[in-house]
Colleague: 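A single structure is presented below for examination.
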Amino acid sequence: MTIHTDLHQPGRDGVSAARSTAFMASYLEALTLVERLHRLLLDVIKDEFERVGLLEINAVQALLLFNVGDNEVTAGELKSRGYYQGSNVSYNLRKLVDMGFMHHQRSELDRRSVRVRLTEKGRGVRDLVARLFATHADGLVERRVLDQAGIDDIAVALRRVERYWTEQIRYIY
C-alpha cells in the first residue's frame, strides 16, 4: 500500500500532516497484518489437516465448525456474530451438512429458517482445531512471543477498531 498525502497541509484537527502521515502508514500496516494473519491462520489449519490426513474440508469450514461449537445456530446467527459473510456461510453450511459434519433441521415456526449443530464427525474437527489453538497458545507463552498482558492489549485494541468500524457502517457521519 502507498500513502499519498501532502506533507505541507495540516490535518483536519490542526495536527501536522507529518504526524497524520505517520499514523496513516501505521494504520495501513496494521490492516495489512490483520489480513495477512487471517490468511496465515487458514494456512496453519490447512497444514494441520494435511498433516493428520483430513482432506475432506477446508480451513474456512473448519473454523465454522469451531465457532458453532456445542451450539445450535442458524446461518443468520453466524453472520450476525460477524464470523462469516452472506452466501459464503450458507454455501459452507450446506457442504458441511452434505459431508456429515453437521445436522440440520427446519424450524417449526419459520420453515425458511434452518438450525444446524455439529455431528460427532463435526465435533471431532472442532476438537482438532481447539487442540491446535491450545498448542499455539502454549507456544506463544513458552517462546515469550506474548504474555497475558500482551494478548489482552491486542484484543482490546482490535475490539476498539471493530467498534469504530461498526459505528462507521451503522451511523455514517
Colleague: In Å, rounded to the nearest 0.5 Å, how long is the span from NZ of K121 to CG of L54?
Modeller: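 Interatomic distance, K121 NZ to L54 CG, rounded to 0.5 Å: 8.5 Å.
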
Colleague: Using 0.5 Å steps for rounding, measure from the CD atom of E72 to the NE2 atom of H103.
Modeller: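 Result: 10.0 Å between the selected atoms.
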
Colleague: In terms of hydrophobic clusters joined by side-chain contacts under 4.5 Å, are V52 and L132 together?
Modeller: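 Yes, it is one cluster - the side chains of V52 and L132 are joined through contacts under 4.5 Å.
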
Colleague: Got V34 and V161 here, is their nearest side-chain heavy-atom distance under 4.5 Å?
Modeller: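 Heavy-atom side-chain distance check fails, nothing below 4.5 Å.
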
Colleague: Taking side chain as C-beta onward, heavy atoms only, is V68 less than 4.5 Å from R117?
Modeller: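 Side-chain contact under 4.5 Å: no.
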
Colleague: Salt-bridge test for R126 and D70: reply yes if a basic N is under 4.0 Å from a carboxylate O, no otherwise.
Modeller: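 D70 and R126: salt-bridged.
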
Colleague: Mind checking whether I154 and L146 have side chains closer than 4.5 Å, heavy atoms only?
Modeller: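 SC-SC contact between I154 and L146 confirmed.
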
Colleague: Let me confirm one number: the CG-CD distance from L140 to Q148, rounded to the nearest 0.5 Å.
Modeller: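 These two atoms lie 11.5 Å from each other.
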
Colleague: Within the structure provided, determine whether M99 and I57 are in side-chain contact (heavy-atom separation under 4.5 Å).
Modeller: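 SC-SC contact between M99 and I57 confirmed.
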
Colleague: With a 4.5 Å heavy-atom cut-off, do K95 and F101 have their side chains touching?
Modeller: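 Of all side-chain heavy-atom pairs linking F101 with K95, none is under 4.5 Å.
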
Colleague: Passes salt bridge (Lys or Arg N to Asp or Glu O under 4.0 Å), E162 versus R159? Steps please.
Modeller: CA-CA 5 Å; E162 177 185 35; R159 274 195 295 276; over 6 Å; no

Colleague: Which class fits the ring pair F23 and Y27: parallel under 30°, tilted 30 to 60°, perpendicular over 60°?
Modeller: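 If you compare the ring of F23 with that of Y27, the planes turn out parallel.
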
Colleague: Please check this pair: side chain of D47 against backbone of D43, looking for a donor-acceptor N/O pair closer than 3.5 Å.
Modeller: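 It does not hold such a pair.
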
Colleague: In Å, rounded to the nearest 0.5 Å, how long is the span from CE of M102 to CG of L64?
Modeller: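 Result: 6.0 Å between the selected atoms.
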
Colleague: Measure across T119 and G100 and return the closest heavy-atom pair with its distance rounded to 0.1 Å.
Modeller: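 Shortest heavy-atom contact: OG1-O, 2.6 Å.
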
Colleague: Write down the atom of L55, the atom of F49, and the distance for their closest heavy-atom approach.
Modeller: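 Between these two residues, the closest heavy atoms are CD2-O, 4.4 Å.
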
Colleague: Hydrophobic clustering (ILVMFWY, side-chain heavy atoms < 4.5 Å, transitive) - are V44 and V141 grouped together?
Modeller: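 No, no single cluster joins them.
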
Colleague: Should L128 and R131 be marked as a side-chain contact (heavy atoms from CB on, under 4.5 Å) after you check the CA-CA gap, both sets of side-chain angles, and the distance that decides it?
Modeller: CA-CA 5 Å; L128 176 63; R131 284 191 302 275; 3.9 Å; yes

Colleague: Taking R106's backbone N and O only, do any of them form a donor-acceptor pair with R115's side chain (distance below 3.5 Å, no angle check)?
Modeller: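 Answer holds: no.
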
Colleague: Side chains of L41 and F133: does their closest heavy-atom pair fall under 4.5 Å?
Modeller: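 A side-chain contact exists here, since the closest heavy-atom pair is under 4.5 Å.
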
Colleague: For a quick test of reading the model, state the closest non-hydrogen atom pair linking A62 to I45 and the distance between them.
Modeller: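 Where A62 meets I45 most closely, the heavy atoms are CB-CG2, 4.0 Å.
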
Colleague: Can you confirm whether R163 sits close enough to Q168 that some side-chain heavy atom of one is under 4.5 Å from a side-chain heavy atom of the other?
Modeller: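 In short, these two side chains do not touch, never coming nearer than 4.5 Å.
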
Colleague: If the threshold is 4.0 Å, N to carboxylate O, is there a salt bridge linking E29 and R36?
Modeller: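 No.
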
Colleague: For N58 and Q61, which heavy atoms make the closest approach, and how far apart are they?
Modeller: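 Minimum heavy-atom contact is OD1-N, 2.8 Å.
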
Colleague: Less than 4.0 Å between a side-chain N and a carboxylate O, is that true for E48 and R51?
Modeller: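 A salt bridge links R51 with E48.
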
Colleague: Taking side chain to side chain contact (heavy atoms under 4.5 Å, CB included) as the criterion, tell me which of T74, V60, L78 meets it with V89.
Modeller: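 By the side chain to side chain contact (heavy atoms under 4.5 Å, CB included) criterion, V89 pairs with just one of T74, V60, L78: L78.
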
